[in-house]
Amino acid sequence: MTDNIPLQPVRRPKRHDGKHKNGCCPWSRCCGMGDFRPRTVWLGHPEKREQRYPRNVINNQKYNFFTFLPAVLFNQFKYFYNLYFLLLACSQFIKELRLGALYTYWVPLGFVLIITVIREAVEEIRCYIRDKEVNSQIYSKLSTRGTVKVKSSSIQVGDLIIVEKVLAAHVLFFPGSCFVRTDQLDGETDWKLRLPVACTQRLPTAADLLQIRSYVYAEEPNIDIHNFIGTFTRVGLFDLEVNCLTKILFGALVVVSLVMVGLQHFAGRWYLQIFRFLLLFSQIVPISLRVNLDMGKMVFSWMIKKDSKIPGTMVRATTIPEQLGRISYLLTDKTGTLTQNEMVFRRLHLGTVAYGMDSMDEVQSHVFSAYTPPTHDLPASRAPSATKVRKTISSRVHEAVKAIALVHNVTPVYESNGVTDQAEAEQHYEDTCRVYQASSPDEVSLVQWTESVGLTLVGRDQSSMQLRTPTGQILNFTILQIFPFTYESKRMGIIVRDESTGEITFYMKGADVVMAGIVQYNDWLEEECGNMAREGLRVLVVSKKSLTDEQYQDFEARYIQAKLSVHDRSLKVATVIESLEMEMELLCLTGVEDQLQTDVRPTLEILRNAGIKVWMLTGDKLETATCTAKNAHLITRNQDIHIFRPVTTRGEAHLELNAFRRKHDCALVISGDSLEVCLKYYEYEFMELACQCPAVVCCRCTPTQKAQIVRLLQERTGKLTCAVGDGGNDVSMIQEADCGVGVEGKEGKQAALAADFSVTQFKHLGRLLMVHGRNSYKRSAALSQFVIHRSLCISAMQAVFSSVFYFASVPLYQGFLTIGYSTVYTMFPVFSLVLDKDVKSEVAMLYPELYKDLLKGRPLSFKTFLIWVLISIYQGSIIMYGALLLFESEFVHIVAISFTSLILTELLMVALTIQTWHWLMIVGELLSLACYIASLVFLHEFIDVYFITTVSFLWKVTVITLVSCLPLYILKYLRRRFSPPSYSKLTT
């Protein structure tokens, strides 16, 4: 026999960059599967599989044992400057091109590669440890030998797993009912009731599943996460900018070499001279640039992890911390990221009276009085009238509370607490062991509220429900019919029979937009719904209708007939239900609120003031998403909102886009379906309009759409994006963004593990961007430009030296002097720039406007690059010409004077660049100077030791150093005096 049932597996989002950070999806082409196709799976018999399926392993690693070294080397040499220095070092094996010792070129290159390999190895080991922890979780598998324990990584397609906790696999449930969560698909962490295949319910034991010949057919994968057919048959921008500058430097290197040979009139073997000059001026392209930046990124990552004000923050990709300083668009999930995913009951409104959190004791007293026998002694003459009024209010409150306690899909589950047996706890309805599970956190909050005011849901199965009154009495209700909530209907209903009275009642609750036409006429519903919505509350309208036995029997007959229809079944069923939804009695309005995460509002205000546009992408419905956006102040009170009408055709999309174009400075709210239509026909026009909005809310978004929006923003604007989320459905968005931030929350750690950075709370994002992102970018910019300056300065000196000596391709400094210049003599002071900061962290948080300057890329631009090039040429020329003019007799004196002046100039330039001194900076300056002085004893091959102890040497070096540095100090003073930067005004 064949039962056609809807199966609902969890699908992993497809990555667009070809990488599978979270392991291969079950249908991935990378597993040798070829094209996507349906599958047939035999239950309990993995060996019968017709296809080869991947292992159930989570893998966040980028390499394996065999690909690690080749892949790391490839990733390094794909950058222009690393490849350039490899060719440079290899050229020294050619005798005609050799300019000095081989170690002069190979040692720096090897040092850079070793640092990179170590960093990548450390990150891979960390990923391996995290993955091993997840893959080693133990589960129970049903086999012919009984129940056996298996690791998560050993689960195969076709295995029968006894689900006792969250399972990291795609599963199909069989015996017994269960609650599942779809947070990996749409971000909703609520528990949804799912019933298994009907025929498996009748099996005596779970072991009998192994005895039946059965298999599951599943359709091929597709992007539609809301429908499924199955049968059961018995990243970085900063690096690219630096790479671009390096190419410019290489171009300058080629030009200088050609000029030198051209001034020799291309005499003799001029082509060899070109290569020799290319090698001679090779320091124009600094080999230490990459290693300095990589080490700087490691320091920035360490600072983020050690920041006590954002505890628990992890850096999982140490290669892009400076990207945090250039974010233009922040795309965030809603549930669990901006909100706590905890619904709290806030308001009960009966039309003439409303009860808030401060008056719930009155509701409790009304409920208590409804189940308490009335007293007969009247204290005053007007007591009968007062009692009658009180009874009227009490009965209305009681009816409203009872309706809320009945119209839902909540099931109380009793868990063992270690002392009380589970069956015993369920039998006695022990409050301490009861947990509510439902398809929506809204429903759980409503049932929890009815419990707090005295009417407790203590039991429920598919056909009955039990409530406990404040006096301990158990009320039994038979569930006759239930009409689940759907996105289209926006309401849910239930028909119950009170076993004590035999009364049949139809209860219904839903959104005000649909309930307004169902309930009896009133003059307060629309106004109060608007008031509550403006307070950021989710509003539900609750109503009821009493039915006679005859009315229900007639309805049931028509309802069953409609469900048996072959054609237009859904339409006929809806028509029958709607015949019952007329002239219902309005009982009350309920208002619940999804609690925002701590300090979400000030954090969003900081981001907005920093020039970062925030887009909220959520799988939740439009009304809820809009409400949360207002409540979180993502959409400010003075901003207009344009709610994009549902569109299905090109013409409708065109009309709605024109209507949207006429509005200015308004937030946009759009559904995923309408978004898909707009992107299909008017992608450019829609993105152009959306990017002008101060805020955008996209609701009912699939994981694929979230990633698509991120990619379109990158392509259309060229700006950096940051994606923030906490669930598995956010992984595709997080990995698509330039910077991915995962929030460790109730939806697990899948988003956090897949992200570049992980935080424990959304509010930490403000400090992560405003402080660490800003500092990392400014420090990286200063460090890169200073390393370039250091290389250009010595290259300018070489150019002057060669031009003076008839354009000879002879190196000015040889051996250890060349290596020592960019390492022990200047490395510590230059690298100490990673500790520099222009303002305190408190100031950066207080004035997020400082972040705006970084969005234009001013700290690292062609303008600043050109300024440093001119400074390098000026200082190199002054030092070299000064040494040539002031030297006395021997060439070795030129080397001593120029090299010492060069070292002192670099140390003074670092001091000139620093804005806030750190004690390690002072140590670095003094240590470098001490290393140079101490090494002079061993450099007698290059420097005259006796000459450097003379007064003549000292005054010449002093004069040259002052001429090269003093004008720059004066210019810096004048600039800060008459045209101070924005941050200096705040620190004064």
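- No side-chain N or O of Asp673 forms a donor-acceptor pair with one of Ser671 less than 3.5 Å apart.
- Centroid-to-centroid, the aromatic rings of His654 and Tyr682 come within less than 6.0 Å.
- A salt bridge does not link Arg662 with Glu656: none of the charged nitrogens is closer than 4.0 Å to a carboxylate oxygen.
- The only member of Gln915, Arg774, Arg779 that meets side-chain hydrogen bond (donor to acceptor under 3.5 Å, both in side chains) when paired with Asp838 is Arg774.
- Surrounding CE of Met298 are at most 12 heavy atoms belonging to other residues, nucleotides or ligands under 6.0 Å away.
- Inspection of the Thr760 and Glu744 side chains reveals no N or O donor paired with an N or O acceptor under 3.5 Å.
- Heavy atoms only, all atoms of each residue included: Leu850 and Ala844 are closest at CD1-CA, 4.5 Å.
- Atom OG of residue Ser784 and atom CG of residue Leu293 lie 5.5 Å apart, to the nearest 0.5 angstrom.
- Using cut-offs of 30° and 60° for the angle between ring planes, the Phe644 and Phe686 rings count as perpendicular.
- Judged by distance alone, the side chain of Gln597 and the main-chain N or O of Thr339 form a donor-acceptor pair under 3.5 Å.
- A salt bridge links Arg767 to Asp307: one of the charged nitrogens lies within less than 4.0 Å of a carboxylate oxygen.
- At most 12 non-hydrogen atoms from other residues, nucleotides or ligands lie less than 6.0 angstrom from NZ of Lys719.
- Closest approach of Ala690 to Val696, counting heavy atoms only: O-CG2, 3.7 Å.
- The environment of CD in Glu688 is crowded: more than 12 heavy-atom neighbours from other residues, nucleotides or ligands sit within 6.0 Å.
- Distance SG/Cys678 to CD/Glu683: 11.0 Å, rounded to 0.5 Å.
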